[in-house]
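In what follows, a single structure is set out as structure tokens and then discussed.
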Amino acid sequence: MLILNHPLITPLNLIFATEKTKIQNTLPNDFLILTHSDSTTLLQLAKYCQDNHLNFGVIPANITEAMLLINLGAHYLLTSDLTFARHLQKLAETYLFDAKILLCITQEKQIENAIEYGIDGVIFT
């Protein structure tokens with residue numbers, strides 16, 4: 001299980017990008033997370049990252065969007081919704097995603113929820 005951004009583990013420099021210029025200004029060691037309320041824009045940002053060989057995570061709004069993002073090279077699918085994370089994890093196992101499913105958490109005790117449902121990992125936000 002991945003445990004990312006825990007205070008005792010090397011912290012990540014989380015960069016939430018909603019536009020291309022923000023992506024262009026990231027450093028190689030930044031943890032890039034794409035987020036946008038408009039699905040078309042989010043997919044275009046993912047395509048930009050794929051074309052430029054950039055590792056990125058993304059916060060999908062629904063299963064269809066998640067599947068499209070997987071095909072655009074997303075490395076991580078993030079969600080704070082445990083039910084959605086469980087559904088994504090089942091799909092990841094069925095379709096053998098290269099991406100990891102991460103449950104966004106704020107407290108250590110939430111790690112147990114992710115473990116109980118076999119989620120790939122957690123990320124402290």
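Side chains included, hydrogens not; waters and symmetry mates left out as well; all remaining heavy atoms used. Since we're looking at a predicted model, the values are computed, not measured.
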Any chance you could measure [X], atom [atom1], to [Y], atom [atom2], to the nearest 0.5 Å?
{"X": "Arg86", "Y": "Asp81", "atom1": "CZ", "atom2": "CG", "answer": "10.0 Å"}
{"X": "Leu77", "Y": "Ile33", "atom1": "CG", "atom2": "CD1", "answer": "11.5 Å"}
{"X": "Leu14", "Y": "Asn5", "atom1": "CG", "atom2": "CG", "answer": "4.5 Å"}

Listed by chain and number, what are the side chain to side chain contact (heavy atoms under 4.5 Å, CB included) partners of [X], not counting sequence neighbours?
{"X": "Asn55", "answer": "His75"}
{"X": "Ser37", "answer": "none"}
{"X": "Leu8", "answer": "His6"}

Are any of the side-chain heavy atoms of [X] and [Y] separated by less than 4.5 Å?
{"X": "Leu34", "Y": "Ile23", "answer": "yes"}
{"X": "Phe16", "Y": "Thr18", "answer": "no"}
{"X": "Leu78", "Y": "Val58", "answer": "no"}

Side-chain polar contacts of residues 115-125 - donor-acceptor pairs under 3.5 angstrom, sequence neighbours left out - could you list them?
from	atom 1	to	atom 2	distance (Å)
Asp120	OD1	Gln89	NE2	3.1
Asp120	OD2	Ile101	N	2.9

Q) Just by modelled atom types, is the Asp30 backbone N or O under 3.5 Å from a matching donor or acceptor in the Asn13 side chain? A)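 No.
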
Q. With Lys90, which residues qualify under salt bridge (Lys or Arg N to Asp or Glu O under 4.0 Å), at least two apart?
A.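 Checked Lys90 against salt bridge (Lys or Arg N to Asp or Glu O under 4.0 Å); zero matches.
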
Transitively linked via ILVMFWY side-chain contacts under 4.5 Å: [X] with [Y]?
{"X": "Met1", "Y": "Ile105", "value": "yes"}
{"X": "Leu45", "Y": "Ile15", "value": "yes"}
{"X": "Leu91", "Y": "Leu103", "value": "yes"}
{"X": "Phe31", "Y": "Leu54", "value": "no"}

**Q.** Pairs flagged by salt bridge (Lys or Arg N to Asp or Glu O under 4.0 Å) wherever residues 37-56 is involved - sequence neighbours left out
**A.**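 Non-adjacent pairs meeting salt bridge (Lys or Arg N to Asp or Glu O under 4.0 Å): Lys47-Asp51.
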
Got a sec, which residues hit side chain to side chain donor-acceptor pair (under 3.5 Å) with [X], two or more places apart in sequence or on another chain?
{"X": "Thr106", "value": "Gln110"}
{"X": "Gln44", "value": "none"}
{"X": "Tyr76", "value": "none"}
{"X": "His36", "value": "none"}

Side chains of residues 62-74: which donor-acceptor partners sit under 3.5 Å, not counting sequence neighbours?
from	atom 1	to	atom 2	distance (Å)
Asn62	OD1	Thr64	N	3.2
Asn62	OD1	Glu65	N	2.8
Glu65	OE1	Ser39	OG	2.8
Glu65	OE2	Ala61	N	2.7
Asn71	ND2	Met67	O	2.8

Q. Can you list every ring-ring contact (aromatic ring centres under 6.0 Å, His included) pair that touches residues 88-115, not counting sequence neighbours?
A.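 Non-adjacent pairs meeting ring-ring contact (aromatic ring centres under 6.0 Å, His included): zero.
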
